[in-house]
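Have a look at the structure below, then the notes.
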Amino acid sequence: MSIPLFLVGFTFVWTLMLISLTSESFALWFGGISLVIAVVLAFFERARRDKTVIVALLSVAFACAIFLLKSEFYYKPALNLCDSVAEVKGQVVGFDTKSDSGADRYIVKVTEGPLKGYKIRLSSKYATCELCDYVSLKGKIYELNSSLKAKDLYVGTYTYGDIEITPCDNPTVKDKARLLSYNVRNYLESELKRYLPKDYSLTLLGMLVGEKSKLPDEIYESFQKTGIVHLLAVSGFHTTLWSMIIYRFLLKRGLGLKVSSIVSILFVLLFMGLTGFSKSTIRAGIMIIIFFFGRVVSRQPDSKNSLGFSAIIIILLNPFVGGDTGFLLSFFSTLGILVVFPEFQRKVRPLLKRTIHNFILRQKIDDIISVVLVTLSTLCFTLPLIMLLIGDMSVVSPLTNLLTTTVASTAIFFSGVAVIISKIPVLCAFENPLLLISGFIMKYVLYISTTLSNWSFASISLENDYIYITVSAVIILIGFSIIIRASKKRTILLGAMIFIVSIITHYLV
């Protein structure tokens with residue numbers, strides 16, 4: 001068992017993802033059965049020698065256990081207060097979209113009362129709060145989420161009475177960082193709207209900070225049908241994609257593992273800032289930083305073990321992260337780069353050597369092809385995941401992602417850089433050109449998504465339980481094959497056969 005940390009980390013992620021798609025009862029049964037099988041296998045000498053299956057089963061049981069403990073001692077106590085009236089005192093740490101009735105929504109970190117330590121959503125039509133203000137009120141508590149997913153908010157409160165608001169006169173370092181992030185986000189939105197047409201600016205804003213409420217319905221639906229709605233998730237997908245591209249580019253230029261990793265870490269921190277330090281991006285960013293840090297401190301780093309270790313750390317801090325789209329996309333896109341990208345390179349590079357004899361030209365073309373191959377590698381693992389999380393299977397998704405993912409990430413990077421340099425003398429002259437390029441990219445992305453979404457049978461709804469179970473079965477099959485190190489070709493072939501036969505049967509029936 002040469003990659004124990006990866007085995008445990010992957011099993012944690014895979015298990016918690018399945019739990020987020022099912023129920024708490026599934027976690028109880030899945031963990032119990034896995035523990036029993038692990039104990040039984042411990043009596044067999046062959047299983048004890050390899051230990052792979054036993055470790056995987058124990059990891060499943062442990063992941064289920066920490067999920068159930070988090071649910072029992074953190075999630076449910078908050079829900080037990082629902083439908084009651086409670087005193088709430090806390091600090092405004094964020095804003096949510098307005099309700100349909102026009103009420104303002106604030107994210108409040110509770111500092112006193114029965115919900116101390118929780119974040120709740122405050123809805124009110126009668127108070128206007130600023131970020132970092134302190135509030136005190138008596139309100140009714142209600143449930144926000146009907147499923148156990150990686151959300152910071154479980155309950156909300158509303159009040160028709162007075163809300164006592166106290167401005168924050170002495171902000172802490174954390175308050176200053178929160179205010180800075182909020183101001184950057186607002187400035188980013190204003191700059192995009194100032195330079196770009198409405199549809200382009202709103203789409204780019206959605207990709208940068210996850211602001212989907214202002215996005216026209218037709219644009220969101222076209223993204224959903226074509227399988228690129230994950231671009232609006234402010235996920236670690238973009239962080240992973242660009243950090244790995246930069247890392248491999250620096251390695252190829254001979255900078256070494258440590259220097260390349262340190263530069264990549266700095267880039268991830270910068271990218272997190274560009275996207276307003278959203279929770280999803282922070283989770284994904286921390287995982288990638290831990291991954292690269294492992295390559296800095298280790299003389300002989302193992303990429304898969306580093307990835308597994310980073311996943312373990314994040315999950316131990318918050319077991320509900322298995323339902324976070326950003327974290328999952330980041331993990332599986334990185335896994336795709338580590339597992340699939342080297343295989344692509346082994347097949348493409350000999351072909352380039354045979355066809356292009358000029359070294360400099362071949363190197364330039366290899367750089368371009370590598371970016372495309374990295375994108376393809378991320379999609380190998382993330383596309384099935386996107387289907388389950390979004391609820392639609394896009395038939396044109398592989399094509400759409402290939403045509404748009406890399407350029408969309410480029411637009412995000414360019415627009416973020418444009419905002420940063422907009423206040424710097426001399427460099428501010430490049431803001432307009434960078435945003436102009438980003439605008440043209442958004443025009444291209446919207447054209448591709450709109451055109452392909454109009455194709456017949458562009459997407460298939462997974463609301464049908466039959467299709468949903470089939471896609472889940474294929475993902476479970478692939479996950480199990482990785483754990484037991486089964487043949488990749490046979491697994492892919494079997495998974496494809498199950499999927500195709502299922503779709504045909506679905507339409508025939």
Pairs satisfying salt bridge (Lys or Arg N to Asp or Glu O under 4.0 Å), at least one member in residues 58-72, at least two apart
Glu72-Lys76
If the condition is ring pair (Phe, Tyr, Trp, His ring centres under 6.0 Å), which residues does [X] pass it with, not counting sequence neighbours?
X	value
Phe30	Phe26
Phe309	none
Phe95	Tyr106, Tyr182

Enter the distance from [X]:[atom1] to [Y]:[atom2] here, rounded to the nearest 0.5 Å.
X	Y	atom1	atom2	answer
Cys64	Leu16	SG	CG	7.5 Å
Ile441	Leu435	CD1	CG	11.0 Å
Ile66	Leu69	CD1	CG	8.5 Å
Cys132	Lys176	SG	NZ	11.0 Å
Lys198	Thr203	NZ	OG1	11.0 Å
Ile421	Cys428	CD1	SG	7.5 Å

Taking all non-hydrogen atoms of both residues, which atom of [X] and which atom of [Y] are closest, and how far apart?
X	Y	result
Phe12	Ser59	CE1-O, 3.3 Å
Leu7	Ala56	CD1-CB, 4.1 Å
Thr11	Val60	CG2-CG2, 3.3 Å
Val135	Cys129	CG1-SG, 3.8 Å
Lys109	Gly117	CE-O, 3.3 Å
Asn305	Leu5	OD1-N, 3.1 Å

Is the backbone N or O of [Y] less than 3.5 Å from a side-chain atom of [X], with the two atoms forming a donor-acceptor pair by type?
X	Y	result
Gln91	Tyr134	no
Asn183	Leu179	yes
Ser415	Ala411	yes

Taking only residues two or more places apart in sequence, or in another chain, which ones meet [X] in a side chain to side chain contact (heavy atoms under 4.5 Å, CB included)?
X	result
Tyr187	Ser190, Glu191, Val419, Ser422, Lys423
Leu68	Glu24, Ala27, Leu28
Val13	Ala311, Ile315, Phe327, Leu328, Phe331, Phe332
Ala408	Met207, Leu231, Val445

Look at atom CZ of Phe267 and say whether more than 12 heavy atoms of other residues, nucleotides or ligands are closer to it than 6.0 Å.
yes
Can you tell me if Phe430 has over 12 outside heavy atoms packed within less than 6.0 Å of its CZ?
no
Sequence-distant partners of [X], side-chain hydrogen bond (donor to acceptor under 3.5 Å, both in side chains), two or more places apart:
X	answer
Thr172	Asp175
Arg349	Asp366
Glu130	none
Lys116	none

Step through it carefully: locate the ring centre of Phe440, locate the ring centre of Tyr200, and say whether they are under 6.0 Å apart.
no
Is there a side chain to side chain contact (heavy atoms under 4.5 Å, CB included) between Leu144 and Arg121? Walk through the geometry before answering.
CA-CA 9 Å; Leu144 289 180; Arg121 187 175 73 188; 3.1 Å; yes
Report the C-alpha separation of Leu250 and Val259 in whole Å, then their side-chain angles, then the decisive distance to 0.1 Å, and conclude whether the side chain to side chain contact (heavy atoms under 4.5 Å, CB included) test is met.
CA-CA 8 Å; Leu250 296 176; Val259 174; over 6 Å; no
Less than 4.5 Å apart, side chain to side chain, heavy atoms only: is that true for Leu446 and Asp199?
yes
Any non-hydrogen side-chain atom of Ile289 less than 4.5 Å from a side-chain atom of Leu269?
yes
Do NZ/NE/NH1/NH2 and the carboxylate oxygens of Glu343 and Lys347 come within less than 4.0 Å?
no
